[in-house]
Participant: 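Sharing a structure with you now.
Note that ligands are numbered from 1 as they come in the structure, with each ligand's atoms numbered from 1 the same way.
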Amino acid sequence: MTASPLHRRADYHAPAYRIDRVHLDVNVDTTTRVHARLTVVRDAATASDTPLVLDARGLTLDRIQINGEAVAPEAYRLSDSTLTLNRVPAQFTLDTVCTLQPEANSALEGFYQSGPMYCTQCEAHGFSRITPYLDRPDVLARFSVRLEADATRFPVLLANGNRVDAGALEGGRHYAVWDDPYAKPCYLFAMVAGDLACVADTFAAADGRPRRLEFYVDPGNEGLVEHAMQSLKDAMRWDEDTFGLVYDLDLYMVVAARAFNMGAMENKGLNIFNAAYVLASPETATDDSYHAISAVIAHEYFHNYTGNRVTCRDWFQLSLKEGLTVFRDQRFSEDHHDADCERIDQVRNLRAMQFPEDAGPTAHPVRPDAYQEVNNFYTATVYEKGAEIVRMLHTRIGPAAFREGLRRYLHEHDGTAATLEDFIAALSAESEVDLSPFLAWYAQAGTPRVRLRRHWDAARGVLQLTLQQHTAPTPGQPQKQPLPIPFRLRLHDAGGRAVPLPEHPARLADDLLWFDGETLTLEVPHHVPALPTCLQGFSAPVRLDADYSDHELRRIATRDEEDAFVRWDALQTLQARAHAGLMRDDRAPLTHLLQALQNVAAQPPSPALTARLLAMPPAAVLWDGCDAINPTAFVTALDQQHHAIAEALLGPCSVWAAWAPHQLSRWGERALGNLALSYLARLGTPVVARLASERVQGPNMTLAAGALQALCRDGGAACEAALSLFYSRWCEQPLVLDRWFALQAGRRQATVADVQQLLAHEQFDWGNPNRVRAVLGAFARDNLAAFHTAEGYACYAEALARLDARNPQTAARLSRPLLGFRRLAEPWQTLQRDTVASLRGRVVSTDLMEMLDAALA
Ligand code: B3K
Ligand code: ZN
């Protein structure tokens with residue numbers, strides 16, 4: 001296998017040809033025949049002898065005609081990746097016929113089988129696995145599609161846009177014709193053929209015209225779409241209310257697929273979703289799943305404008321649609337749930353996923369400069385850090401100017417493919433603020449570290465605050481520049497009263513500084529040294545290194561009137577200090593942490609916020625704060641800390657864990673109840689086994705999963721019994737069963753042999769990415785003790801090699817846990833590096849190769 005060439009952003013050229021119209025005639029079957037008719041037009045600036053080079057990934061070609069005439073064999077060349085036509089007219093019709101084998105397509109890109117149905121995934125380059133095409137986002141065409149299939153096996157035939165014709169044919173066959181009135185890039189193309197049940201509803205859009213909403217699911221799952229449907233309506237209303245954006249087609253369809261590489265896909269008018277982000281009932285899905293479903297439904301819906309109506313010029317601009325759309329779905333979630341908790345969860349995830357990426361071997365700018373396989377760049381950096389940049393822009397110009405700026409961007413670029421510069425220019429023009437300095441955030445990889453240092457000049461009665469920013473080098477970027485940082489800062493005196501920030505050119509608002517140099521010094525005159533708190537709402541994606549004492553952090557954490565994020569963050573810092581302390585046998589920081597947690601528990605805010613304040617950071621966040629990590633010492637300290645917190649919070653946890661069913665009727669209470677149960681489980685409290693066994697059999701999946709997780713803490717007979725009960729109850733429900741797999745792979749006592757057994761289980765399926773992620777993802781994330789062993793690495797690498805051969809995209813995504821070996825102490829570092837080096841020799845895909853090479857470089 002030859003690796004793909006490197007694609008560079010600097011090499012962008014406008015397309016030499018455009019495609020105005022596409023008509024596909026698809027005969028769906030085990031062998032599917034795709035007849036494409038393209039209207040191709042040479043660009044005025046293109047020389048007439050310029051060959052037409054279409055993308056054609058792994059296609060076989062049965063027929064090719066120009067303006068109805070067969071093309072002579074010597075006039076075209078088909079390779080594994082392209083179809084080249086040497087001489088073509090200035091404008092012509094190109095007919096091609098290809099045959100596909102959807103059931104043999106295990107990569108789940110292009111046209112493939114998912115359960116009993118066939119469906120597409122075209123972003124980023126799946127369309128050229130269906131038919132030869134200019135597979136790039138800046139070629140926009142009007143599509144129509146005629147699907148024909150056996151009416152019994154594939155009673156439902158869907159594609160983008162409006163169904164303009166349908167009917168029965170001879171021999172038990174039928175057809176449907178779809179027409180999409182909006183020109184689109186081919187990555188937004190979709191078609192589905194299957195035996196699916198439809199759940200329909202209508203949405204009363206702001207313009208008075210009702211829209212039809214259709215969810216397509218496996219028959220039997222009709223009862224599981226209520227929440228997704230409601231989320232869709234909420235998202236449609238929110239986009240109308242917040243940005244004045246009204247849905248532009250009459251029909252919006254969502255199809256739930258069993259086998260899907262990612263979360264979902266925003267194809268025009270025909271979203272295809274991983275079933276995990278559609279199907280839910282309180283009995284089968286946790287509150288976290290409910291939350292994720294509404295976020296993903298909203299995200300894909302919001303793409304209809306930010307992504308579909310205005311798309312990306314090239315894949316380097318991916319964050320133009322993804323960062324912006326994540327920001328939009330985050331704001332939606334903030335408005336529909338508890339805004340404080342939502343923001344805390346966003347930052348927790350950013351720190352667990354994106355910060356490590358930005359500090360590791362695959363660190364890249366939000367707008368990358370080069371890639372081999374673009375699918376490797378659908379990252380936390382492009383999505384989540386990209387969303388943080390948009391949030392900073394929003395903070396800088398305020399919600400009203402942001403709304404108008406976004407509308408201006410959509411209006412000016414409607415129906416075209418844009419760049420990040422276009423977006424920044426529209427916001428700048430609307431707000432009359434030059435936002436171009438923010439482009440540096442898109443260009444520079446790495447997370448800035450902001451140091452806050454204080455100096456109290458008693459003689460002058462002045463508190464001197466100095467901010468300093470520094471970004472460490474990342475691969476390919478040895479030099480870094482200072483970035484513009486909206487830095488929120490508040491001051492309080494000893495009595496908790498607000499002390500105003502002094503006048504300063506960097507002061508944008510009462511509590512907002514514009515910090516864009518290497519250092520910034522503020523002098524606050526006051527009679528006593530005031531306590532600053534900063535980054536309210538996490539105003540910028542930076543690592544804060546403030547010179548707070550543990551004592552001050554405790555004060556901040558327990559200040560009721562303080563910003564929820566800041567309180568949580570103070571506790572997170574104490575947690576990290578406690579863990580670092582335990583690793584060097586120093587229990588002093590732990591003592592401060594425990595006191596802070598006890599204070600919070602004594603005067604708890606809302607249950608949902610309390611659950612967040614009292615929870616330990618994800619291991620990945622603590623890991624990210626360490627160097628030369630000895631995984632054994634790391635896990636031991638983690639366990640000690642968990643145990644100590646459980647002891648310190650025994651009193652309140654005993655109350656929360658024992659809340660009766662009626663007290664657990666809201667998600668915030670369930671979150672706190674589950675957290676309490678997990679702490680009690682750590683202490684081996686007998687009540688846990690009783691409560692947990694009840695809940696595992698109960699009617700609420702949040703409580704059942706929480707209980708099972710708590711039980712899995714220390715294994716034992718109760719845990720085994722509960723696991724087998726859970727299995728027999730849910731073995732027919734793949735999405736619930738994924739939990740069962742994940743819990744077992746991630747529990748502390750699972751050995752590598754146990755994980756291997758899970759991989760060999762009769763219900764394990766290498767063809768289902770959800771199942772593969774459940775086991776491998778949980779193993780590497782939650783079971784650090786077993787993963788960080790020679791056998792653990794070998795088992796993981798073996799699984800990746802196997803997956804690589806069938807599904808490169810998912811293999812590459814799952815390779816991340818093996819890539820951070822530079823952070824490990826010996827012997828783990830050498831062990832992991834050797835594992836990666838030997839895996840590298842067996843890799844067949846560019847996807848996985850690019851990831852491993854980055855780590856080994
Ligand atoms: N745009 C898709 C992701 C496509 C990933 C291709 N490897 C889903 C989303 O971000 O909305
Ligand atoms: Zn997206």
Side-chain angles (χ1 to χ4, degrees), residues 4 7 57 105 107-110 112 119-129 135-137 160 184-190 231-232 235 239 252 254-257 259-278 292-312 314-333 353 366 368 371-387 390 417 769 773 807-815 845-848 850-851:
S4 300
H7 302 272
R57 290 180 168 78
N105 179 352
L108 316 187
E109 291 176 85
Y112 70 93
C119 65
T120 49
Q121 171 53 38
C122 292
E123 185 176 2
H125 289 304
F127 193 70
S128 49
R129 293 169 182 267
D135 192 349
R136 44 187 290 170
N160 317 85
K184 64 171 174 286
C186 66
Y187 80 85
L188 291 173
F189 169 81
S231 302
L232 176 57
D239 223 14
Y252 192 89
V254 173
V255 175
F260 205 70
N261 275 338
M262 316 91 44
M265 180 63 215
E266 69 263 26
N267 319 300
K268 184 79 189 185
L270 177 56
N271 287 186
I272 300 183
F273 266 63
N274 185 327
Y277 295 102
V278 175
I293 288 170
S294 62
V296 179
I297 290 270
H299 179 97
E300 306 311 331
Y301 175 71
F302 296 156
H303 267 315
N304 187 56
Y305 279 94
T306 51
N308 300 7
R309 285 284 287 265
V310 179
T311 190
C312 303
D314 55 68
W315 291 122
F316 296 102
Q317 320 292 326
L318 182 59
S319 197
L320 175 62
K321 73 177 177 82
E322 295 305 347
L324 175 54
T325 305
V326 171
F327 173 70
R328 278 154 51 67
D329 85 55
Q330 289 181 347
R331 301 293 292 181
F332 165 78
S333 295
M353 316 277 290
V366 174
Y371 61 77
Q372 273 182 283
E373 175 48 67
V374 68
N375 284 325
N376 284 336
F377 287 80
Y378 287 75
T379 57
T381 297
V382 168
Y383 276 63
E384 272 75 27
K385 186 177 177 180
V390 178
R773 280 188 286 258
N807 186 337
Q809 210 182 116
T810 294
R813 278 192 101 75
L814 281 169
S815 70
S845 75
T846 304
D847 309 55
L848 186 53
E850 184 177 32
M851 300 296 281

Participant: Check the angle between the aromatic planes of Tyr383 and Tyr378 and answer parallel, tilted or perpendicular using the 30° and 60° thresholds.
Facilitator: tilted
Participant: Tell me which one of Thr381, Val390, Val366 satisfies side chain to side chain contact (heavy atoms under 4.5 Å, CB included) with Ser319.
Facilitator: Val366
Participant: In terms of residue, atom name and distance, what is the protein heavy atom nearest to atom 7 (N) of ligand 1?
Facilitator: Asn375 OD1, 2.8 Å
Participant: Identify, for atom 3 (C) of ligand 1, the protein heavy atom at the shortest distance, and state residue, atom and that distance.
Facilitator: Tyr383 OH, 3.5 Å
Participant: If you count the atoms of ligand 1 from 1 in the order shown, which ones are under 4.0 Å from a heavy atom of Met262?
Facilitator: 3 (C), 4 (C), 5 (C), 6 (C)
Participant: Using a strict cut-off of 4.0 Å, indicate which atoms of ligand 1 neighbour a heavy atom of Met265.
Facilitator: 1 (N), 2 (C)
Participant: Got Leu188 and Glu266 here, is their nearest side-chain heavy-atom distance under 4.5 Å?
Facilitator: yes
Participant: Could you tell me, atom by atom, which parts of ligand 1 come under 4.0 Å of a heavy atom of His303?
Facilitator: 9 (C), 10 (O), 11 (O)
Participant: Identify, for atom 8 (C) of ligand 1, the protein heavy atom at the shortest distance, and state residue, atom and that distance.
Facilitator: Ala264 O, 2.9 Å
Participant: Write the atom name of the N, O or S atom in Glu322 that is nearest the Zn ion (ligand 2).
Facilitator: OE1
Participant: When you measure from the Zn ion (ligand 2) to the N, O or S atoms of Glu300, does any of those distances fall below 2.8 Å?
Facilitator: no
Participant: Where the Zn ion (ligand 2) is the corner point, what angle links NE2 of His303 with NE2 of His299, to 10°?
Facilitator: 100°
Participant: Does the distance from a Lys or Arg side-chain N to an Asp or Glu carboxylate O, for Arg328 and Asp239, drop under 4.0 Å?
Facilitator: yes
Participant: Taking the non-hydrogen atoms of Gln809, is any one of them nearer than 4.0 angstrom to ligand 1?
Facilitator: yes
Participant: For Tyr277, does the OH atom sit with more than 12 other heavy atoms under 6.0 Å from it, leaving out its own atoms?
Facilitator: no
Participant: Please state which part of Glu123 comes within less than 4.0 Å of ligand 1, counting heavy atoms only: side chain, backbone, both or neither.
Facilitator: both
Participant: Where do Asn807 and Ala107 come nearest, in terms of heavy atoms and distance?
Facilitator: OD1-O, 3.7 Å
Participant: Looking at residues at least two apart in the chain, or sitting in another chain, which of them share a side chain to side chain donor-acceptor pair (under 3.5 Å) with Tyr252?
Facilitator: Asn271
Participant: Considering the heavy atoms of Lys321, write down every atom of ligand 1 situated less than 4.0 Å from one of them.
Facilitator: 1 (N)
Participant: According to the interplanar angle, ranging from 0 to 90°, do the rings of Tyr371 and Phe377 count as parallel (below 30°), tilted (30 to 60°) or perpendicular (above 60°)?
Facilitator: tilted
Participant: Between Tyr301 and Phe332, is the side-chain contact (heavy atoms from CB on, under 4.5 Å) condition met? List the steps.
Facilitator: CA-CA 11 Å; Tyr301 175 71; Phe332 165 78; over 6 Å; no
Participant: Which atoms of ligand 1 sit under 4.0 Å from any heavy atom of Glu266?
Facilitator: 1 (N), 2 (C), 8 (C), 9 (C), 11 (O)
Participant: Give me the nearest non-hydrogen protein atom to atom 11 (O) of ligand 1 as residue plus atom name, then the distance to 0.1 Å.
Facilitator: Glu300 OE1, 2.8 Å
